[in-house]
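Here the structure is laid out as structure tokens; the discussion comes afterwards.
Throughout, numbering of the chain's residues begins at 1 and tracks the sequence. Predicted model, so just to flag it, every value in this text is computed and none were measured.
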Amino acid sequence: MIVTHQRKHKPVKYVEKGLTYVANAAWFVFERLNRIRPNPSFIPRWSDKPLLKSYQKTRPTLGWPRTTDSLCPKCVPEIREQILNGKLPQEILRTERVGEIKAQIIERDGKILMVKDCPKHGHFEDVLSIDPAFTRHLEEVFPGRDIRAHNDEGLHNHGSSTIKSGRGAVLTIDLTNRCNMMCDPCFMDANQVGFVHELTWEEIKTLLDNAISIKPRRQLSVQFSGGEPTLSPHFIEAIRYARKLGYNSVQAATNGIEFAKSPEFCKQAAEAGLRYVYLQFDGIGNAANSHRRVGNLFDVKLRAIENLHNAGVEIILVVTIVNGINNEQVGRIIQFALDNPKKIAFCAFQPVSFTGRDENITDERRMAQRYTLSHLAHDVKKQLGIGEPTRDWFPISFISTFSDWSDLVHGPQADWGQVSCGCHPNCGVGMAIMVDKETKEAVPVTAFLNADRLARDIAKVNDAARGKWLSILGMALSLIRNYDPFQAPTHFKLTDLLVKFDKSFGATGRNYGKVTADRTMEDIQKRRSDRWNFLFIAGMWFQDLFNYDFRRTEQCIIPYATQEGEISFCAYNTGVGWRKIVEKMHMTATLAKWYEEHGRHEIFTGGRKVNLDSTEHSLVLNPEHVAAGAQTDLDELGIAKNAREEKRKAREERLRRERENARMAKLYHQHILKEPVEPEVGASSLIQIELDQ
């Protein structure tokens with residue numbers, strides 16, 4: 001359970017409460033004066049279009065019942081296969097509405113469902129939410145889309161899957177499709193496609209150079225991924241070049257094996273400019289990670305965290321959640337982060353997307369393993385005792401109102417816009433927890449900060465467009481008036497709240513430790529010296545063919561940079577499946593040819609252990625969580641856990657049916673047609689015995 005303490009209010013809390021009343025009165029004066037003749041929006045250097053006021057932002061159709069554009073789960077793989085085989089040109093993905101059908105989003109039996117019918121393949125339906133009130137809350141507080149993407153004609157050209165809004169928040173670049181693991185689930189089917197797709201150094205540079213040409217040119221996280229990005233010979237240099245272009249956040253999506261094996265490699269990556277590691281992390285203990293088929297994977301994770309933290313790299317735990325496989329780990333993983341607040345600042349949960357190896361999943365397994373964002377919010381509350389779904393959870397796009405404020409404060413002369421998470425409210429959610437690094441007391445931020453009213457206040461500040469210092473004053477007044485000191489952590493002060501916002505958005509110019517390419521270890525330590533960990537719990541639900549919604553794809557915030565342009569995450573990995581097409585078009589070599597020229601790299605599977613020089617670490621662990629066995633829900637239901645097991649069960653069932661058919665045929669010929677049947681060599685009298693019984 002979450003660590004909290006019985007609060008004995010300090011005298012300063014009463015002073016702060018008095019300040020909230022003063023700020024509330026001052027806000028009403030400020031806000032009424034601010035309404036008078038608001039300034040027009042300026043056009044910043046990083047965009048050819050002006051900043052949007054709140055009432056100018058567009059929104060997709062929300063609520064339910066509603067109709068949207070989706071895909072047939074059977075048509076799309078068939079058409080994709082024809083493209084891969086050269087029977088159809090890949091241009092049809094740009095010029096035609098391939099595999100598209102209409103879908104209805106409805107409420108039935110206390111759930112939100114997507115239902116759709118294909119004239120050829122029939123009826124499909126899937127669960128989008130198990131809590132309509134939670135989903136309604138997310139859609140109601142959605143602030144609207146970002147500035148429409150422009151200067152992007154050559155890079156955003158993917159038919160119905162084309163990204164239309166904003167710049168995104170994470171630019172993903174797959175350096176290689178090679179991986180040193182072979183696990184389920186895997187949305188890219190690593191090590192199974194029969195060829196290698198690995199970017200050359202010139203291709204990496206071109207993708208990064210192209211990325212800064214799109215407007216609005218916002219700061220975003222450049223994420224090097226794969227496969228396993230650390231296997232690319234250009235990994236370190238790619239980090240360095242992304243930093244050189246001006247990106248403040250460069251991260252790697254990794255299983256952590258190479259980082260666990262070598263502290264020196266961690267140091268090299270950090271010195272090149274690696275700021276974050278998106279670390280695959282499916283649970284506490286080796287048993288909880290056993291479905292990844294590496295014998296000591298949890299030890300690998302702990303060692304990777306230790307090595308990376310010592311090198312100055314921050315850790316984001318990334319959890320693929322599969323119902324019945326590791327959903328009982330949700331609370332344990334967050335507790336692990338709460339127990340180690342100096343080393344873990346972010347938990348990203350990703351409900352499974354049935355694609356890649358799982359695209360041909362059976363309906364039975366899909367229904368059993370489906371996990372939604374609403375499942376996540378309820379599991380956090382149930383397992384950890386924290387987080388009210390309709391109070392403490394917000395769409396990730398909720399932060400865009402504050403990004404707009406930052407853009408206003410930094411003025412038209414800024415070279416970059418603030419990172420803005422302008423995704424569809426059904427795509428991602430988040431909850432923030434303020435953690436005292438010293439006492440480990442933890443409280444949801446929205447328990448002591450009225451986030452709904454704060455966002456409405458800041459939208460008014462943004463719409464007035466008064467300039468830097470008046471906008472900062474408006475933010476300060478709103479923060480104070482929406483703050484409840486009696487609900488905040490014991491040692492948390494109002495000044496801590498103001499500093500947190502300033503540190504996040506760099507509004508006043510105060511030095512909290514640089515994040516630019518010239519940062520030093522001293523800067524890193526300065527930022528880490530903050531007593532308060534703003535632990536963010538995020539859920540990002542990527543689509544698959546069963547729940548695909550083009551309204552979500554159009555405003556994707558996690559584009560893939562590829563040789564065919566920047567493609568929505570879901571359109572690339574699921575949907576029409578641009579990944580398979582792009583990688584096949586730009587194949588580096590067949591697997592056999594690659595092995596002949598480069599040799600085989602290590603692949604850890606089948607329970608094989610990673611050889612570590614040391615397993616020592618300074619992380620706090622819950623012994624019960626570490627010792628717990630693997631989740632067995634699906635075993636008890638007799639449902640396959642993954643595509644490999646599903647294929648094995650299907651093969652066994654097929655053989656069983658063939659044997660049964662052969663047995664019945666023999667009985668028919670022997671007892672109905674009265675034909676003599678030659679006994680099989682070594683055969684027993686099993687058939688006769690069964691007849692006698």
What residues form a salt bridge (charged side-chain N to carboxylate O under 4.0 Å, His left out) with Glu554, not counting sequence neighbours?
Lys164, Arg551
Using a strict cut-off of less than 4.0 Å between a Lys/Arg side-chain nitrogen and an Asp/Glu carboxylate oxygen, indicate whether Glu314 and Arg528 qualify as a salt bridge.
yes
Do Gln251 and Val170 come close enough that some side-chain heavy atom pair is under 4.5 Å?
yes
Can Asp496 and Lys493 be counted as an ion pair, charged N to O under 4.0 angstrom?
yes
Return yes when atom NZ of Lys437 has more than 12 non-hydrogen atoms of other residues, nucleotides or ligands closer than 6.0 Å, and no otherwise.
yes
State yes or no: are the ring centers of Phe336 and Phe281 separated by less than 6.0 Å?
yes
As a test of understanding, state which of Leu279, Ile333, Ile334, Leu376 forms a side-chain contact (heavy atoms from CB on, under 4.5 Å) with Val319.
Ile333
Run the side-chain contact (heavy atoms from CB on, under 4.5 Å) test against Lys57 and tell me which residues pass, sequence neighbours left out.
Leu52, Arg59, Ser400, Asp404
Going by the rule salt bridge (charged side-chain N to carboxylate O under 4.0 Å, His left out), which residues pair with Arg240 if we only count those two or more places apart in sequence or in a different chain?
Glu237
When you check the side-chain N and O atoms of Thr355 and Thr574, is any donor under 3.5 Å from an acceptor?
no
Of Ile537, Leu338, Val330, the one forming a side-chain contact (heavy atoms from CB on, under 4.5 Å) with Leu384 is Leu338
Side-chain donor-acceptor distances from residues 413-420 under 3.5 Å, at least two apart:
| residue | atom | partner | partner atom | Å |
| --- | --- | --- | --- | --- |
| Gln413 | NE2 | His410 | O | 2.9 |
| Asp415 | OD1 | Arg45 | NH1 | 2.7 |
| Gln418 | OE1 | Ser406 | OG | 3.1 |

Lys514 meets the salt bridge (charged side-chain N to carboxylate O under 4.0 Å, His left out) criterion, sequence neighbours left out, with Asp518
Gln543 side chain near Ser353 side chain, heavy-atom distance below 4.5 Å:
no
Mind checking whether Ile236 and Phe265 have side chains closer than 4.5 Å, heavy atoms only?
yes
Residues in salt bridge (charged side-chain N to carboxylate O under 4.0 Å, His left out) with Lys261, at least two apart?
Glu258, Glu602
Glu566 and Arg167 ion-paired at < 4.0 Å:
yes
